[in-house]
Amino acid sequence: YDKLSILHHLVLGNYKKLFPDEIKEIISIEKDQIDLVMRTLSTVLNFMDVNGSNFLNNITYLYNNYTTYQVRNLLPENIPSIIVAAGPSLNKNIKDLKAAKNKACIIATDTALKPLLNNDIVPDFIVIVDGKKPGILFEHELYSEIPLVMTTVVSKEPVNMHKGKKFFAWEGTVYEKELFMAAKESSAHPDDIDVFPLSTGGSVATTAYSFAKLLGSKTIILVGQDLAFTGNKTHADGTFKEKMDEIDTASGKYIEVEDIYGNITYTRYDYKTYLDWFNEEIPAATDIKVIDATEGGAKITGTEILTLKDAIDRECIHPINVKELINSIQPIFCEEK
């Protein structure tokens with residue numbers, strides 16, 4: 001970051017005429033790197049007042065719990081993972097998810113949890129990455145029964161509220177490396193601890209996508225992944241409010257993107273960042289089929305667009321007991337260790 005203020009791009013002589021395409025490519029690479037630096041800085045500044053406290057609180061739970069590395073290839077390849085985000089389109093098809101229970105692994109992002117539970121749909125995992133996520137989003141009697149996928153610096157309030165299994169993901173920081181390497185030396189199952197960063201992509205939904213890949217799913221279905229203001233709303237009803245407020249998309253503050261129908265829709269800067277991440281990651285994973293069953297929102301490169309009902313009818317055809325598979329995993333420390 002401290003180098004950005006002295007960064008200059010100079011093109012010598014006739015290079016612009018001789019190599020116009022190469023010059024554009026290099027400038028594009030530079031811009032992407034600058035965006036990455038700025039996003040990282042923004043995240044650090046936003047959470048620097050809570051990260052230390054969250055970390056010291058959350059690592060105490062590592063003693064009796066698990067790492068995400070332990071669930072690598074937990075699922076058979078023919079079992080889809082369904083990632084449920086809290087985009088406004090979730091209100092359209094949330095009830096259809098009932099048909100996928102015990103025929104897929106349902107992974108809920110943090111804000112999508114309450115709408116799912118209120119519709120009698122209990123996910124197989126919850127993913128949290130936000131260092132300031134409020135506990136009010138998790139106030140439900142079934143919350144602790146659902147395994148929690150988390151990083152060491154997520155908000156301590158929902159972590160302390162959760163009394164069930166916790167799976168720790170490593171984000172790649174130095175202090176996490178020290179912690180996990182020390183744990184590896186003392187673990188009852190050292191092969192189950194690996195300093196293997198889980199690509200978070202900056203959001204809970206992108207983290208859930210990386211987690212689904214780690215589980216071994218060769219088919220991933222996205223639900224509620226609008227990444228845009230469908231119906232002029234930021235989130236589905238029943239998340240932060242029973243009825244979410246509409247925003248003024250004509251205010252000029254927002255970014256235009258293409259929606260799944262080929263029309264223009266609006267999004268904000270952070271959503272666009274996550275969209276760009278998906279647009280790179282999904283086409284790169286050529287062995288994984290990704291279905292966008294959001295039924296709205298921004299178009300995501302490399303996905304097949306289906307309704308959720310059609311996606312479930314076609315892909316969720318094999319029975320699976322995900323809870324049984326999870327219960328077969330042992331905590332990384334035995335009592336003695």
Side-chain angles (χ1 to χ4, degrees), residues 50 53-68 70-71 74 81-87 90-91 94-95 97-98 100-102 104-169 198 200 203-209 211-212 214-215 223-225 235-244 320-329 331-332:
V50 296
S53 176
N54 289 344
F55 177 75
L56 292 172
N57 177 82
N58 295 341
I59 60 172
T60 61
Y61 291 102
L62 187 61
Y63 289 125
N64 302 308
N65 281 290
Y66 313 83
T67 70
T68 52
Q70 290 179 268
V71 300
L74 181 72
S81 285
I82 302 177
I83 298 171
V84 187
L90 182 60
N91 297 128
I94 190 168
K95 294 185 184 300
L97 283 165
K98 289 183 179 181
K101 191 62 183 172
N102 297 320
C105 178
I106 300 177
I107 304 169
T109 63
D110 41 25
T111 311
L113 179 65
K114 265 193 172 180
L116 286 171
L117 294 179
N118 289 338
N119 282 276
D120 300 319
I121 301 163
V122 181
D124 297 295
F125 290 98
I126 312 163
V127 182
I128 304 179
V129 297
D130 194 330
K132 296 183 178 180
K133 191 66 69 170
I136 192 173
L137 294 174
F138 308 94
E139 292 175 346
H140 195 284
E141 58 185 6
L142 296 178
Y143 172 49
S144 290
E145 296 182 18
I146 307 164
L148 182 64
V149 178
M150 56 176 283
T151 63
T152 56
V153 295
V154 302
S155 175
K156 58 190 175 186
E157 188 179 6
V159 174
N160 292 341
M161 289 167 59
H162 186 268
K163 308 304 179 186
K165 297 176 185 286
K166 299 174 179 64
F167 288 84
F168 281 79
L198 190 68
T200 61
S203 81
V204 66
T206 52
T207 302
Y209 173 78
F211 181 67
L214 185 67
L215 286 171
V223 183
Q225 193 59 69
H235 292 82
D237 293 336
T239 52
F240 294 98
K241 289 183 176 182
E242 197 58 37
K243 196 78 174 173
M244 291 294 293
I320 187 74
N321 189 327
V322 178
K323 187 175 183 179
E324 196 173 88
L325 293 176
I326 295 170
N327 288 340
S328 69
I329 302 171
I332 58 172

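Note that the numbering runs from 1 along the sequence shown for the chain.
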Original post:
If only atom types and distance count, is the side chain of S53 paired as donor or acceptor with the main-chain N or O of V50 below 3.5 Å?
Top reply: no
Original post:
Step by step, would you call D124 with I146 a side chain to side chain contact (heavy atoms under 4.5 Å, CB included)?
Top reply: CA-CA 6 Å; D124 297 295; I146 307 164; over 6 Å; no
Original post:
Where is the tightest heavy-atom contact between L198 and A169, given as atom of each residue plus distance?
Top reply: CD2-CB, 3.8 Å
Subject >> K163: partners by side-chain contact (heavy atoms from CB on, under 4.5 Å), with sequence neighbours left out >> reply: S144
Subject >> side-chain hydrogen bond (donor to acceptor under 3.5 Å, both in side chains) involving T68 - partner list, sequence neighbours excluded >> reply: none
Original post:
For K132, does the NZ atom sit with more than 12 other heavy atoms under 6.0 Å from it, leaving out its own atoms?
Top reply: yes
Original post:
Is there any salt bridge (Lys or Arg N to Asp or Glu O under 4.0 Å) pair reaching into residues 135-153, and which pairs are they, with sequence neighbours excluded?
Top reply: none
**OP:** List the steps, then state whether side chain to side chain contact (heavy atoms under 4.5 Å, CB included) holds for I326 with K165.
**Re:** CA-CA 9 Å; I326 295 170; K165 297 176 185 286; 3.8 Å; yes
Original post:
Under the side-chain hydrogen bond (donor to acceptor under 3.5 Å, both in side chains) test, which residues partner K95, sequence neighbours left out?
Top reply: N119
Original post:
Is it true that a side-chain atom of K114 and a backbone atom of F240 form a donor plus acceptor pair closer than 3.5 Å?
Top reply: no
Original post:
With sequence neighbours left out, what residues match P115 under side-chain contact (heavy atoms from CB on, under 4.5 Å)?
Top reply: L90, I94, T239
Subject >> Partner residues of Y61 under the side-chain hydrogen bond (donor to acceptor under 3.5 Å, both in side chains) criterion, sequence neighbours left out >> reply: N160
Original post:
Donor-acceptor pair, D237 side chain versus K243 backbone, under 3.5 Å?
Top reply: no
Original post:
Centroid-to-centroid, H162 to Y143, below 6.0 Å?
Top reply: yes
Original post:
Can any side-chain N or O of D110 pair as donor or acceptor with the backbone N or O of K133 at less than 3.5 Å?
Top reply: no
Original post:
Stepwise, does the side chain to side chain contact (heavy atoms under 4.5 Å, CB included) test hold for L113 with L137?
Top reply: CA-CA 8 Å; L113 179 65; L137 294 174; over 6 Å; no
Subject >> Y209 side chain vs V204 backbone, donor-acceptor pair below 3.5 Å >> reply: no
Original post:
Any idea how Y66 and F167 line up, ring-wise: parallel (<30°), tilted (30 to 60°), or perpendicular (>60°)?
Top reply: parallel
**OP:** Could you tell me which non-hydrogen atom of P158 sits nearest to which non-hydrogen atom of I128, and how far apart they are?
**Re:** CB-CD1, 4.1 Å
Original post:
Looking only at heavy atoms, what is the nearest atom pair of L142 and V122, with distance?
Top reply: CD1-CG2, 3.9 Å
**OP:** Return the minimal non-hydrogen interatomic distance between I107 and A208, and the atom names on each side.
**Re:** CG2-CB, 4.1 Å
**OP:** Apply side chain to side chain contact (heavy atoms under 4.5 Å, CB included) to the pair L215 and F125, showing each step before the final yes or no.
**Re:** CA-CA 11 Å; L215 286 171; F125 290 98; 4.3 Å; yes
Original post:
Which heavy atom of S328 sits nearest a heavy atom of L325, and at what distance?
Top reply: OG-O, 2.5 Å
